Amino acid sequence: MATPLPTVVDVYFTDTKRTRFSITTPCRQKTNRKFFIHCATSNSTPEAPPTPTSDNNNNNKKNTSLSDQLAPLANKTLSSATRDQSYALSKPKSTWVNPTKAKRSVLSSERQKRATYSYSPQLRDLKRFAQKLNESGSSEDEFLACLEEIPRPISRENALLILNTLKPWQKTNLFLNWIRTQNLLPMETIFYNVTMKSLRFGKQFGLIEDLAHQMIDNGVPLDNITYSTIISCAKKCNLYDKAVHWFERMYKTGLMPDEVTYSAILDVYARLGKVEEVISLYERGRATGWKPDPITFSVLGKMFGEAGDYDGIRYVFQEMESVGVQPNLVVYNTLLEAMGKAGKPGFARGLFEEMIESGIVPNEKTLTAVIKIYGKARWSRDALELWQRMKENGWPMDFILYNTLLNMCADVGLVEEAETLFRDMKQSVHCKPDSWSYTAMLNIYGSQGDVDKAMKLFDEMCKLGVELNVMGFTCLIQCLGRAMEFDDLVRVFDISVERGIKPDDRLCGCLLSVVSLSQGSNDEEKVLACLQQANPKLVAFIHLIEDEKTSFETVKEEFKGIMSNAAVEVRRPFCNCLIDICRNKDLLERAHELLYLGTLYGLYPGLHNKTVEEWCLDVRSLSVGAALTALEEWMWTLTKIVKREETLPELFLAQTGTGAHKFAQGLNISFASHLRKLAAPFKQSEEKVGCFIASREDLVSWVQSKSTAAAT
DNA sequence: TTAGGGTTAG
């Protein structure tokens with residue numbers, strides 16, 4: 001569903017930074033280890049730790065069932081379907097405040113012990129037999145016929161050996177069923193657990209549930225291993241509600257989860273985005289003496305990363321330090337990924353170096369995460385240095401890492417490096433270029449405007465049968481549009497339609513930008529016809545705004561409709577292109593209306609920044625047309641303020657940026673030229689590139705000279 | 001993998 005379009009008022013409130021939590025979890029163990037995260041300052045003051053209770057929790061819960069004890073948890077926390085955005089991370093629940101009352105455990109302090117078993121001495125012939133079963137026909141009859149030849153009477157150990165060896169899941173399941181129906185052995189939990197593991201491989205959640213019900217019906221107890229297998233299978237099948245259902249059932253039947261089951265369910269809530277529930281469960285566990293392990297921290301780290309919640313990530317570090325857990329490779333990988341998602345490339349770099357210093361060797365996932373972060377941050381030097389280190393140290397590579405390196409090259413504009421890498425991939429045995437690799441190359445050539453190479457690649461893909469997806473087509477269309485090769489563009493678009501590619505909002509945005517480029521040429525109609533197929537409403541809107549008779553109210557209404565239906569990430573580009581289209585047609589007033597509407601609906605946050613000392617216009621995320629419109633608007637406003645003799649700051653600043661992306665330069669030049677046209681008193685800053693500066697005196701005298709000129 | 005939990009791509 002489309003995300004509702006907020007107004008600036010909504011944006012103001014949702015963007016308001018709140019201190020979401022303070023750390024209340026006590027620092028039980030002070031360690032001397034220094035996490036890099038110390039460089040991030042925390043304003044939160046740790047509250048007093050919960051007073052430890054000397055008595056044994058069991059004394060308090062003797063007379064109540066576990067499900068009664070946990071009723072508040074099961075009924076309130078676990079079943080809560082809504083996520084309160086304004087969670088207060090460490091606010092203790094009121095039920096825990098009384099320090100004289102023992103806290104109820106929510107998880108067992110010890111992991112479930114495994115029953116020991118050993119295989120019979122006739123291991124070899126049984127293994128051979130199990131192998132034969134594996135190779136037998138896949139029908140039930142063939143399998144049962146093969147079972148007739150079992151070399152010896154089945155014992156518990158023999159049955160386990162065979163169950164553990166059988167694959168695929170169909171055979172494991174058939175064998176379990178055979179043991180049960182033959183009444184050869186008393187059915188034990190472990191038989192079911194081993195079978196469930198096999199079924200999980202095959203993502204057979206329905207069958208796992210059937211087995212669980214069979215256990216219940218026949219009085220075979222479900223233990224922590226059973227529940228964690230059920231939960232992890234539900235997770236694997238994206239059946240999170242089922243995972244929650246079985247977890248709640250476990251509590252209701254009085255079985256206490258151990259740390260494995262507990263972290264499995266934490267992960268379920270994390271994936272559901274139920275951050276508050278996860279924190280509540282985590283802190284409840286902590287408050288009753290649980291020492292979480294690296295897996296738990298990985299779950300928490302991933303959750304905060306998905307939420308882009310840097311405070312949350314910091315909390316994970318603080319908790320790890322407080323508990324005395326050293327991050328392992330997976331925890332580092334998760335937290336690196338999380339840092340990237342939270343938009344903290346500097347901290348990610350620090351964390352990566354800390355990891356290397358601690359002696360942990362990065363794997364493909366680590367390097368993929370870090371290269372991606374450097375690429376998105378446009379840190380080409382760091383990316384290239386890391387790439388060099390990867391080669392020197394012989395760190396592991398896989399095809400995802402190769403493709404990530406290609407994407408990084410696209411992000412920072414490294415064309416030759418990408419070409420070399422792409423050639424290496426073609427020559428490699430295990431990392432042949434796939435659809436992702438080709439798309440990355442198309443992205444590079446597309447951004448660079450190298451039509452010949454992009455089209456050559458396109459032909460190569462067609463010849464080799466490499467699938468081209470909507471993103472690949474978008475890159476290609478963008479490339480052809482920038483090169484004004486409109487006939488080829490239409491041809492490529494038609495091929496995409498023939499291949500059943502469904503145009504998404506990004507492709508429409510790309511076509512919209514080509515419309516603005518094609519204006520005034522004979523090809524404008526051809527491009528519009530493509531856009532008409534992809535998004536007819538957008539074309540109707542273009543016609544509407546181009547008609548000078550259309551009222552502002554109508555434009556506003558239709559604009560709202562267009563933007564509400566568009567994906568959030570394309571709304572600003574849409575608005576930018578529409579403004580460009582109006583300016584190309586000399587519809588300046590309409591351009592200003594659209595900029596106003598874009599601002600009203602929060603598409604340009606941070607366009608104006610004011611402090612007592614300086615006012616800044618930041619047009620770095622605007623198209624040329626939109627930036628010039630914003631500049632005009634600003635000059636009009638400043639003129640009015642000067643004339644009204646209101647308070648002004650010392651300094652005025654306009655930021656265009658320098659086009660950190662090698663492929664996206666030009667705004668700076670157009671902006672400078674427009675400033676000259678307006679004769680506005682801004683000068684390119686010598687210290688800060690991509691910045692235009694004017695003093696209050698310059699501005700005031702400019703306004704006064706304009707007024708004098710107008711009067712004479 | 002000889003019964004259970006966590007990490008990589010527009």
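Proteins come first, then strands; the chains are lettered A, B, ... in the order of their sequence lines, and each starts at number 1. This is a predicted model, so every value here is computed, not measured.
Counting non-hydrogen atoms of neighbouring residues, nucleotides and ligands closer than 6.0 angstrom, the NZ atom of Lys502(A) reaches no more than 12 such neighbours.
No donor-acceptor contact under 3.5 Å links the side chain of Asn164(A) to the base of dT1(B). Taking only distance into account, the side chain of Asn403(A) never meets the base of dG10(B) through a donor-acceptor pair shorter than 3.5 Å. On a pure distance criterion of 3.5 Å, a polar donor-acceptor pair joins the side chain of Arg111(A) and the base of dG5(B). If you check distances only, the side chain of Ser232(A) never reaches the base of dG5(B) with a donor-acceptor pair under 3.5 Å. Between the side chain of Asn224(A) and the base of dG5(B), no donor-acceptor pair of N or O atoms lies under 3.5 Å. Taking only distance into account, the side chain of Ser263(A) meets the base of dG5(B) through a donor-acceptor pair shorter than 3.5 Å. Between the side chain of Thr368(A) and the base of dT8(B), a donor-acceptor pair under 3.5 Å is found. Counting atom types as modelled, Asn443(A) pairs no side-chain N or O with a base atom of dG10(B) as donor and acceptor under 3.5 Å. Taking 3.5 Å as the limit, the base of dG10(B) and the side chain of Thr439(A) contain a donor-acceptor pair of atoms between them.
Contact check for Leu414(A) versus Met408(A): side-chain heavy atoms found under the 4.5 Å cut-off.
Distances were taken from every side-chain heavy atom of Val331(A) (C-beta onward) to each of dG10(B), dG6(B), dT8(B); the shortest belongs to dG6(B).
At the heavy-atom level, Thr366(A) lies nowhere under 4.0 Å from the strands shown. Contacts of Asn328(A) with the nucleic acid, taken as non-hydrogen atoms under 4.0 Å apart, include base atoms. If you check every strand for non-hydrogen atoms under 4.0 Å, Thr296(A) touches a base.
Going from atom CD of Glu337(A) over to atom P of dG10(B) covers 9 Å, rounded to whole Å. Note: NZ (Lys365(A)) to C1' (dG6(B)) measures 11 Å, nearest angstrom. The CG-C1' distance, from Asp267(A) to dG6(B), rounds to 7 Å in whole Å. One can place OH of Tyr374(A) at 16 Å from C1' of dT8(B), the figure rounded to the nearest angstrom. Remark: C1' of dA9(B) and CG of Asp398(A) are 10 Å apart, rounded to the nearest angstrom. For the pair Ile230(A) CD1 and dG5(B) C1', the computed distance is 14 Å after rounding to whole Å. Going from atom CG of Leu266(A) over to atom C1' of dG4(B) covers 15 Å, rounded to whole Å. As a whole-Å value, the separation of Glu467(A) CD from dG10(B) P is 17 Å.
Considering only side-chain N and O atoms, Lys372(A) lies under 4.0 angstrom from the phosphate OP1 or OP2 of dG10(B). Listed pair Lys197(A) / dG4(B) meets the phosphate criterion, a side-chain N or O lying under 4.0 Å from OP1 or OP2. Considering only side-chain N and O atoms, Arg200(A) lies under 4.0 angstrom from the phosphate OP1 or OP2 of dG5(B).
Separation of the Tyr402(A) and Phe422(A) ring centroids does not fall under the 6.0 Å cut-off.
A donor-acceptor pair is defined here as one N or O able to donate and one able to accept, closer than 3.5 Å; such a pair exists between the side chain of Tyr251(A) and the backbone of Val106(A). With Asn576(A) contributing its side chain and Ser621(A) its backbone, the two residues share a donor-acceptor pair below 3.5 Å. In this structure a side-chain-to-backbone donor-acceptor pair under 3.5 Å is missing from Asn333(A) to Lys365(A).
If you take atom P in dG5(B) and the same atom in dT1(B), they sit 14 Å apart, rounded to whole Å.
Both stacking criteria are satisfied for Trp436(A) over the base of dG10(B): a centre-to-centre distance under 5.5 angstrom and an angle between ring planes under 30 degrees.
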